[in-house]
Visitor: 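Right, I'll just put the structure down here and ask away after.
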Amino acid sequence: MIQIFFIFLIALMIWFWYDTMQAREQAVLLGKRHCQNDGLQLLDETVSLSSLKVRRNRDGQMMFRRVYEFEFSDNGDNRRLGSITLLGRHAESVQLEPHLMQ
């Protein structure tokens, strides 16, 4: 019985790792797209997880709500902070610090 529990626990950890990597890739793509649309530069081409919570979506299903932070530049000489909030794999919001409009 304990072996089944450990197998289940390992499978759950693998699933969580895979789901987290997929969500991170989605956040990177959204960050790149948003920066390109606004004439900004996504710095380091990466995002970092700053918050992970469990929330319900509109249909009442439990999902992970992840907030990723990233840095961008509006003129190439500075760093500004932005964030992307995902509920599951869907973007809830993209927020950027005030910046120069291109």
Side-chain angles (χ1 to χ4, degrees):
M1 187 68 164
I2 194 104
Q3 292 171 338
I4 293 173
F5 172 76
F6 282 118
I7 290 171
F8 176 75
L9 185 62
I10 290 170
L12 185 63
M13 289 170 39
I14 291 170
W15 170 83
F16 180 74
W17 173 81
Y18 180 77
D19 188 60
T20 299
M21 291 296 105
Q22 292 293 315
R24 183 185 170 281
E25 288 300 316
Q26 179 72 18
V28 169
L29 289 174
L30 289 168
K32 284 180 184 179
R33 187 178 315 137
H34 196 78
C35 285
Q36 286 175 352
N37 290 343
D38 286 356
L40 304 170
Q41 179 184 5
L42 177 65
L43 299 176
D44 305 326
E45 299 288 320
T46 189
V47 296
S48 63
L49 184 66
S50 65
S51 174
L52 174 66
K53 297 179 181 176
V54 177
R55 294 285 188 257
R56 293 189 184 273
N57 66 7
R58 291 180 184 168
D59 299 328
Q61 297 171 326
M62 299 295 280
M63 304 188 109
F64 287 112
R65 181 178 184 266
R66 295 175 171 99
V67 178
Y68 291 92
E69 291 183 344
F70 62 94
E71 291 182 327
F72 68 95
S73 178
D74 52 4
N75 62 13
D77 290 334
N78 60 6
R79 290 183 173 266
R80 305 251 187 233
L81 188 63
S83 68
I84 298 171
T85 303
L86 298 177
L87 184 60
R89 297 272 164 63
H90 302 288
E92 280 190 328
S93 68
V94 177
Q95 298 178 338
L96 303 175
E97 282 185 352
H99 58 280
L100 299 173
M101 298 302 288
Q102 300 292 323

Visitor: When you compare the side chain of S51 with that of Y68, does any pair of heavy atoms fall below 4.5 Å?
Guide: no
Visitor: My understanding is that only residues two or more places apart in sequence, or in another chain, count here; which of them pass side-chain contact (heavy atoms from CB on, under 4.5 Å) with W17?
Guide: M21
Visitor: If Ile, Leu, Val, Met, Phe, Trp and Tyr residues are connected whenever their side-chain heavy atoms lie under 4.5 Å apart, and connections chain through other members, are L9 and I2 in the same group?
Guide: yes
Visitor: Counting C-beta onward and ignoring hydrogens, is there a side-chain heavy-atom pair between L96 and D38 closer than 4.5 Å?
Guide: yes
Visitor: A side-chain contact here means heavy atoms from C-beta on lying under 4.5 Å apart; do F72 and N78 qualify?
Guide: no
Visitor: Return each pair, listed once, that meets salt bridge (Lys or Arg N to Asp or Glu O under 4.0 Å) where at least one residue sits in residues 6-15; pairs must be two or more places apart or across chains.
Guide: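 Output for this query is empty, none listed.
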Visitor: Could you see if Y18 belongs to whatever hydrophobic cluster contains M62? Use Ile, Leu, Val, Met, Phe, Trp, Tyr and a side-chain cutoff under 4.5 Å.
Guide: no
Visitor: With side chains defined as the heavy atoms from C-beta onward, is the minimum distance between R55 and L87 less than 4.5 Å?
Guide: yes
Visitor: Do any N or O atoms from the side chain of D59 and from the backbone of Q61 form a donor-acceptor pair under 3.5 angstrom?
Guide: no
Visitor: Below 4.5 Å, heavy atoms only, C-beta onward: do L86 and L30 meet side chain to side chain?
Guide: yes
Visitor: Quick one: CE on M63 to CZ on R58, what's the gap to the nearest 0.5 Å?
Guide: 12.0 Å
Visitor: Report yes or no: does R80 contribute a side-chain atom to a donor-acceptor pair with the main-chain N or O of P98 at less than 3.5 Å?
Guide: yes
Visitor: Are K32 and V28 close enough that some pair of their side-chain heavy atoms sits under 4.5 Å apart?
Guide: yes
Visitor: Does any pair with a residue in residues 26-65 pass ring-ring contact (aromatic ring centres under 6.0 Å, His included), and if so which ones, sequence neighbours excluded?
Guide: F16-F64
Visitor: Enumerate the residue pairs fulfilling salt bridge (Lys or Arg N to Asp or Glu O under 4.0 Å) with a member in residues 1-23, sequence neighbours excluded, ordered by first and then second residue.
Guide: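 Salt bridge (Lys or Arg N to Asp or Glu O under 4.0 Å) check on residues 1-23 returns D19-R66, D19-R89.
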Visitor: Rounded to the nearest 0.5 Å, how far apart are CE of M13 and CZ of F8?
Guide: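 Between atom CE of M13 and atom CZ of F8 there are 12.0 Å.
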Visitor: Is it true that, when you exclude Q3 itself, more than 12 heavy atoms of the residues, nucleotides or ligands shown sit nearer than 6.0 Å to its CD?
Guide: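 Counting other residues, nucleotides and ligands, CD of Q3 stays at 12 neighbours or fewer.
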Visitor: Are L52 and W15 in one and the same hydrophobic cluster, where Ile, Leu, Val, Met, Phe, Trp and Tyr link if side-chain heavy atoms are under 4.5 Å apart?
Guide: yes
Visitor: Taking C-beta and beyond as the side chain, do N37 and C35 meet within less than 4.5 Å on heavy atoms?
Guide: no
Visitor: State the CD-OG distance between E69 and S48, to the nearest 0.5 angstrom.
Guide: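 Those atoms lie 5.5 Å apart.
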Visitor: Following the transitive rule for hydrophobic clusters with a side-chain heavy-atom cut-off under 4.5 Å over Ile, Leu, Val, Met, Phe, Trp and Tyr, establish whether F70 and L49 coincide in one cluster.
Guide: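 Yes.
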Visitor: Taking all heavy atoms of N75 and all of D77, pick out the closest pair and write down the distance.
Guide: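 Smallest heavy-atom distance, with atoms named: OD1-N, 2.8 Å.
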Visitor: Testing the basics here: between A27 and I84, what is the closest heavy-atom pair and its distance to 0.1 Å?
Guide: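 Result for this residue pair: O-CD1, 3.2 Å.
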Visitor: I'd like to know if the side chain of E71 and the backbone of L43 have a donor-acceptor N/O pair within less than 3.5 Å.
Guide: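 Pair absent, no side-chain N/O of E71 close to backbone of L43.
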Visitor: Run the side chain to side chain donor-acceptor pair (under 3.5 Å) test against R33 and tell me which residues pass, sequence neighbours left out.
Guide: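 Result, side chain to side chain donor-acceptor pair (under 3.5 Å) vs R33: none returned.
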Visitor: Between D44 and T46 (side chain of the first, backbone of the second, donor and acceptor by atom type, cut-off under 3.5 Å), is there such a pair?
Guide: no
Visitor: Going by side chain to side chain donor-acceptor pair (under 3.5 Å), name the residues that satisfy it together with E92, two or more places apart in sequence or in a different chain.
Guide: R65
